2 protein chains.
Amino acid sequence: MMAGMRTYAQNCGVARALDLLGERWTLLIVRELARGPKRFRDLTASLEGIGTNLLAARLRSLQEAGVITAEKLPPPAGVPGYALTDTGRALTPLLEDLALWGLEIPWPGAQQARSRAAWAAMTMRANMERSERPPPDGVYEFDVGGEQFWLRVSSGASQLLDGPAPIEPDARVSGDGAAFLRLAQGGRIPPRGALKVEGDRERLRTLMRTFRFPATSPGQGNP
Amino acid sequence: MMAGMRTYAQNCGVARALDLLGERWTLLIVRELARGPKRFRDLTASLEGIGTNLLAARLRSLQEAGVITAEKLPPPAGVPGYALTDTGRALTPLLEDLALWGLEIPWPGAQQARSRAAWAAMTMRANMERSERPPPDGVYEFDVGGEQFWLRVSSGASQLLDGPAPIEPDARVSGDGAAFLRLAQGGRIPPRGALKVEGDRERLRTLMRTFRFPATSPGQGNP
DNA sequence: CGGAATCCTCTTCGATACTG
DNA sequence: CAGTATCGAAGAGGATTCCG
């Protein structure tokens with residue numbers, strides 16, 4: 001938090017969190033880094049409209065807050081980049097709560113909005129994490145709409161990262177980005193041929209079944 | 001969402017949620033309403049520094065988004081006020097995630113910050129909801145630091161609302177606001193005499209034991 | 001008197017141009 | 001490629017005024 005920065009000055013966890021995360025773009029930067037380290041230009045590409053000065057300022061405050069670190073990306077890249085700290089990774093459930101809430105809201109702007117398969121994949125993982133039935137262990141690779149990411153499920157816990165899977169996946173999904181989007185974000189079965197599945201087809205089907213039914217948040221009642 | 005309003009234009013739940021909730025003060029308004037309906041001046045009092053024009057604008061957008069409604073408060077008040085809708089109430093887990101995350105972050109601004117017992121009570125409920133052991137059913141009333149609120153626990157679910165309990169509570173806590181704050185936000189046992197307990201002392205003790213507190217709570221201690 | 005709209009100043013944002 | 005510098009536009013903060 002920089003000197004002279006705006007603060008709510010309230011000793012409340014919500015206000016304190018928002019002092020660090022509440023400004024424009026900040027949580028979207030965390031969202032992007034949640035799928036693994038990124039470099040500056042990756043972020044400007046994903047966050048269309050941010051302006052490089054603002055991105056630089058946000059990255060600086062997030063570092064000061066201990067949410068991200070600036071460091072060289074792992075080999076073979078070896079170039080400078082940004083990654084979440086443990087504190088930053090602790091925001092994942094929060095991002096997922098936000099995502100599931102946001103998708104329930106009627107939304108007039110759907111037409112002009114940009115879509116990304118990786119964002120839909122985050123929804124998919126969020127639903128999976130909140131599912132009643134445990135997802136099947138395995139490594140699943142996706143190559144849809146020109147984006148590549150992979151999901152690892154291991155005894156209930158899961159991990160979603162950008163890029164190709166570092167080991168041979170148990171199943172691989174590739175094909176049309178829009179079809180994947182409707183599947184991952186809305187649970188709608190894609191038309192035959194839109195997505196190609198290689199490998200353990202049955203395990204992938206079981207995986208998909210775990211997130212078809214989003215968990216409903218209990219919430220709190222006001223009488 | 002008003003015409004001409006700023007939007008991320010990203011088809012992602014996080015971005016869509018932030019289009020509605022991401023502006024300054026918005027989530028703090030939801031936080032205040034999470035403890036029951038409030039009138040305009042209650043909100044200006046809790047959200048010191050907001051400015052009446054901005055509060056009015058936020059209340060308008062939240063209504064358009066279907067997060068809150070403007071309606072007469074329940075009798076005997078009967079005056080106009082604002083309350084969360086079901087959609088708004090669904091944000092409670094999110095606020096709690098934010099609060100618990102925010103309290104873990106080192107915080108330089110503790111000295112100048114305002115404190116409220118009701119905010120600490122929300123932390124208390126958040127910890128309770130995430131506890132391994134079920135909290136004991138009952139109605140608990142608090143009258144600390146000049147604020148009054150009550151907690152109802154019923155078969156695992158709980159509800160925290162401002163004002164006096166509508167029925168005779170099973171236990172009642174009253175006394176020093178700062179002592180309650182340290183207890184509810186950090187799990188620190190208050191000095192003898194700082195808080196008075198009436199009614200079912202044992203049940204209240206069991207309730208307190210269900211809280212799951214962080215090993216170390218940095219940035220606490222607001223005198 | 002409570003609830004909100006108006007005005008004015010200051011800060012932040014967004015887009016582009018520019019530099020190490 | 002990774003940022004910094006710049007500047008018009010939009011948003012926030014605070015006081016005041018209007019309306020019932």
Side-chain angles (χ1 to χ4, degrees), chain A residues 1-10 15 18-29 32-33 37-64 68-73 76-83 112-114, chain B residues 1-10 15 18-29 32-33 37-65 68-73 76-83 112 114:
Chain A
M1 192 155 72
M2 303 184 64
M5 191 177 176
R6 222 173 244 176
T7 170
Y8 292 113
Q10 295 184 352
L18 291 175
D19 276 344
L20 300 178
L21 307 172
E23 288 176 295
R24 200 165 158 73
W25 295 109
T26 305
L27 273 172
L28 296 188
I29 295 171
E32 291 306 304
L33 296 180
K38 298 274 176 298
R39 40 195 322 187
F40 192 93
R41 87 184 202 95
D42 296 332
L43 293 171
T44 58
S46 292
L47 306 173
E48 195 180 315
I50 190 177
T52 56
N53 59 341
L54 199 49
L55 176 56
R58 293 291 183 269
L59 289 171
R60 218 176 300 120
S61 345
L62 284 172
Q63 282 176 72
E64 286 173 29
I68 70 173
T69 53
E71 49 190 19
K72 289 212 179 305
L73 299 190
V79 294
Y82 299 90
Q112 299 80 1
R114 284 170 291 281
Chain B
M1 192 156 75
M2 303 181 62
M5 191 175 177
R6 221 174 243 178
T7 170
Y8 292 113
Q10 295 184 353
L18 290 175
D19 276 343
L20 301 178
L21 306 172
E23 288 175 295
R24 199 163 159 75
W25 295 110
T26 305
L27 274 173
L28 296 187
I29 295 171
E32 291 306 304
L33 296 180
K38 298 274 176 301
R39 39 192 324 188
F40 193 92
R41 76 137 186 267
D42 297 333
L43 293 171
T44 57
S46 291
L47 305 173
E48 195 180 315
I50 190 177
T52 56
N53 56 344
L54 198 50
L55 177 55
R58 293 289 184 270
L59 290 172
R60 218 177 302 119
S61 343
L62 283 172
Q63 283 177 71
E64 287 174 27
I68 69 173
T69 53
E71 49 189 22
K72 290 214 178 303
L73 299 189
V79 294
Y82 301 89
Q112 297 81 2
R114 285 170 289 282

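Nothing here was measured: the structure is a model prediction, and the numbers come from that model. Chain identifiers are assigned alphabetically (A, B, ...) following the order of the sequence lines, protein sequences preceding nucleic acid strands; residue numbering begins at 1 within each chain.
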Exercise. Which pair of heavy atoms, one from A70(B) and one from Q63(B), lies closest together, and at what distance?
Worked result: CB-OE1, 3.5 Å

For this session: Taking the side chain as every heavy atom from C-beta outward, state whether Y82(A) and I29(A) have any atom pair closer than 4.5 Å.
Result: no

For this session: For R41(B) and dC1(C), give me the distance from atom CZ to atom P, rounded to whole Å.
Result: 12 Å

Exercise. Taking only side-chain nitrogens and oxygens of Y8(A), does any of them come within less than 4.0 Å of OP1 or OP2 of dA12(D)?
Worked result: no

Exercise. Which nucleotide, dC1(D), dA5(C), dT4(D), lies nearest any side-chain atom of A56(A)?
Worked result: dT4(D)

Exercise. Roughly, in whole Å, what's the span from CD1 in I29(B) to C1' in dA4(C)?
Worked result: 14 Å

Exercise. What is the bend of the helix from dC1(C)-dG20(D) to dG20(C)-dC1(D) when you compare the axis at one end with the axis at the other, using five pairs each and rounding to 10°?
Worked result: 20°

For this session: Could you pull out all residues at least two apart from R114(A) that satisfy salt bridge (charged side-chain N to carboxylate O under 4.0 Å, His left out)?
Result: E48(A)

Seminar exercise, completed: Residues L73(A) and P37(A): closest non-hydrogen pair is CD2-CB, 3.4 Å

Problem set entry | Side-chain N,O (R39(B)) to OP1/OP2 (dG2(C)) below 4.0 Å | no

Exercise. Considering all heavy atoms of both residues, which atom of A83(B) and which atom of E71(B) are nearest to each other, and what is their separation?
Worked result: CB-OE2, 4.0 Å

Enumerate the protein-to-nucleotides 17-20 of chain D contacts in which both atoms are nitrogen or oxygen and the separation is below 3.5 Å.
none

Problem set entry | Side-chain touch I50(B)/R24(B), heavy atoms, less than 4.5 angstrom | no

Exercise. Got a sec, which residues hit ring-ring contact (aromatic ring centres under 6.0 Å, His included) with Y8(A), two or more places apart in sequence or on another chain?
Worked result: W25(B)

Exercise. Does R58(B) have any side-chain hydrogen bond (donor to acceptor under 3.5 Å, both in side chains) partners at least two apart in sequence or in another chain, and if so, which?
Worked result: T26(B)

Exercise. How about L43(B) and L59(B): do any of their side-chain heavy atoms sit closer than 4.5 Å?
Worked result: yes

For this session: Rounded to the nearest angstrom, tell me the gap between atom CG in L55(B) and atom P in dG14(D).
Result: 14 Å

Which pairs, protein N/O on one side and nucleotides 13-20 of chain C N/O on the other, fall under 3.5 Å?
residue, atom, partner, partner atom, Å
dC13(C), OP1, R58(A), NH2, 2.5
dC13(C), OP2, R58(A), NH2, 3.0
dC13(C), O3', R6(B), NH1, 3.2
dG14(C), OP1, R24(A), NE, 2.4
dG14(C), OP1, R24(A), NH2, 3.2
dG14(C), OP2, W25(A), NE1, 2.7
dG14(C), O6, N53(A), ND2, 3.3
dA15(C), OP2, G49(A), O, 2.7
dA15(C), N6, N53(A), OD1, 3.3
dA15(C), N6, N53(A), ND2, 2.6

Exercise. Whole-Å distance between dG13(D) P and L28(B) CG?
Worked result: 11 Å

